[in-house]
There are 2 protein chains.
Amino acid sequence: MSNLAAALDVVGSRWALLIVERLLDGPQRYGDLQRDLGVPTNMLATRLRELEAAGVLSRLPLRHNTRAYALTDRGRALGEAINALARWGEDLPGNDAD
Amino acid sequence: MSNLAAALDVVGSRWALLIVERLLDGPQRYGDLQRDLGVPTNMLATRLRELEAAGVLSRLPLRHNTRAYALTDRGRALGEAINALARWGEDLPGNDAD
DNA sequence: CTGCATCCGGAATGATACTG
DNA sequence: CAGTATCATTCCGGATGCAG
């Protein structure tokens with residue numbers, strides 16, 4: 001399996017990269033991600049578990065019943081790929097040239 | 001919708017980036033992609049149609065019943081994102097450090 | 001009130017057989 | 001060789017329920 005396939009195996013599912021992109025701005029809580037991305041709650045829970053298992057993010061306990069999700073070093077390493085993809089997305093039809 | 005979401009809308013489906021990665025080496029024919037990537041034939045046809053519609057690749061007629069798929073400029077612009085993702089994939093568990 | 005699990009219908013994906 | 005048609009399976013998304 002190629003390295004690209006291995007990467008897509010981890011972050012190739014529907015919301016993974018969007019979640020990581022949001023976390024590049026700093027740790028976020030569950031509800032923040034949910035409202036900000038519009039991701040269904042069950043999908044968010046599933047992706048967060050997978051991304052945590054893959055070492056992309058980790059849970060930071062805040063107070064009881066409240067925690068934040070923060071990128072690990074491996075998660076932050078996705079920044080370049082995410083930025084490259086987002087820049088590519090700028091040139092797609094339907095995006096104003098700003 | 002963010003630029004990343006727009007990009008994933010085009011190349012976020014299961015085989016899209018793997019197909020483009022393969023085409024970065026130069027134009028390929030249907031059977032080449034199918035055997036090289038192990039992608040199911042119907043998925044390959046679907047993705048090729050979508051990627052062509054999105055302006056990522058184009059068909060090059062070779063002879064009767066034979067054509068090749070080649071990246072457009074927009075398709076080649078995905079190279080950076082793909083390479084970034086592939087480099088990220090190198091550091092995942094299960095990959096030897098070489 | 002926030003963080004999740006479960007249930008269920010619909011969409012995406014995959015295996016295989018068949019056609020021009 | 002380059003696809004299409006069909007059907008099984010798996011994934012996704014919205015609603016709802018429930019625990020801390």
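Any value given below was found using the heavy atoms of this structure, including those in side chains, with hydrogens, waters and symmetry copies removed. Numbered from 1 within each chain, the chains take letters A, B, ... in sequence-line order.
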[X] side chain near [Y] side chain, heavy-atom distance below 4.5 Å:
| X | Y | value |
| --- | --- | --- |
| A:L33 | A:L23 | yes |
| B:E52 | B:R59 | yes |
| A:V20 | A:L57 | no |
| B:V39 | B:L18 | no |

Across all chains, not counting sequence neighbours, the side-chain hydrogen bond (donor to acceptor under 3.5 Å, both in side chains) partners of A:R76 are A:D73

Suppose we screen for side-chain hydrogen bond (donor to acceptor under 3.5 Å, both in side chains). Which residues come up paired with A:T41, at least two apart in sequence or across chains? A:Y30

Nearest 0.5 Å, what's the [atom1]-[atom2] distance between [X] and [Y]?
| X | Y | atom1 | atom2 | result |
| --- | --- | --- | --- | --- |
| A:L60 | A:T66 | CG | OG1 | 12.5 Å |
| A:W15 | A:E21 | CH2 | CD | 11.5 Å |
| A:M43 | A:L37 | CE | CG | 14.0 Å |

Under 4.0 Å from any heavy atom of chain B: name the first and the last nucleotide of DNA chain D that qualifies, 5' to 3'. D:dA2 to D:dT6

Members of [range] that approach DNA chain C, where some heavy atom sits under 4.0 Å away:
| range | value |
| --- | --- |
| residues 58-65 of chain A | A:R59, A:N65 |
| residues 12-34 of chain B | B:S13, B:R14, B:W15 |
| residues 43-57 of chain A | A:A45, A:R49 |

With axes from five pairs an end, tell me the bend angle of the helix from C:dC1-D:dG20 to C:dG20-D:dC1, nearest 10°. 30°

Leading and trailing nucleotides of DNA chain C with any atom under 4.0 Å from heavy atoms of chain B: C:dT13 to C:dG20

Extract all donor-acceptor atom pairs below 3.5 Å that involve side chains of residues 2-13 of chain B and protein atoms in other chains or at least two apart in sequence.
{"residue": "B:S2", "atom": "OG", "partner": "B:L4", "partner atom": "N", "Å": "3.4"}
{"residue": "B:S2", "atom": "OG", "partner": "B:A5", "partner atom": "N", "Å": "3.0"}
{"residue": "B:N3", "atom": "OD1", "partner": "A:N95", "partner atom": "ND2", "Å": "3.2"}
{"residue": "B:S13", "atom": "OG", "partner": "B:R47", "partner atom": "NE", "Å": "3.2"}

Is the backbone of [Y] close enough, under 3.5 Å, to the side chain of [X] for a donor and an acceptor to pair up by distance?
| X | Y | result |
| --- | --- | --- |
| B:T72 | B:V56 | yes |
| B:W88 | A:R74 | yes |
| B:T46 | B:N42 | yes |

With sequence neighbours left out, what residues match B:R22 under salt bridge (charged side-chain N to carboxylate O under 4.0 Å, His left out)? B:D25, B:D36

When clusters are formed by joining ILVMFWY residues with side-chain heavy atoms under 4.5 Å apart, either directly or through shared neighbours, do B:L24 and B:L48 land in the same one? yes

Between A:Y69 and A:R29: side-chain donor-acceptor atoms closer than 3.5 Å: no

For residues 2-9 of chain B, which residues have at least one heavy atom under 4.0 Å from DNA chain D? none

What pairs of donor and acceptor atoms, side-chain ones from residues 79-87 of chain A against any protein atom, are under 3.5 angstrom apart with sequence neighbours left out?
{"residue": "A:N83", "atom": "ND2", "partner": "A:G79", "partner atom": "O", "Å": "3.1"}

How would you label the contact of B:T41 with the nucleic acid (heavy atoms, under 4.0 Å): base, sugar-phosphate, or nothing? base

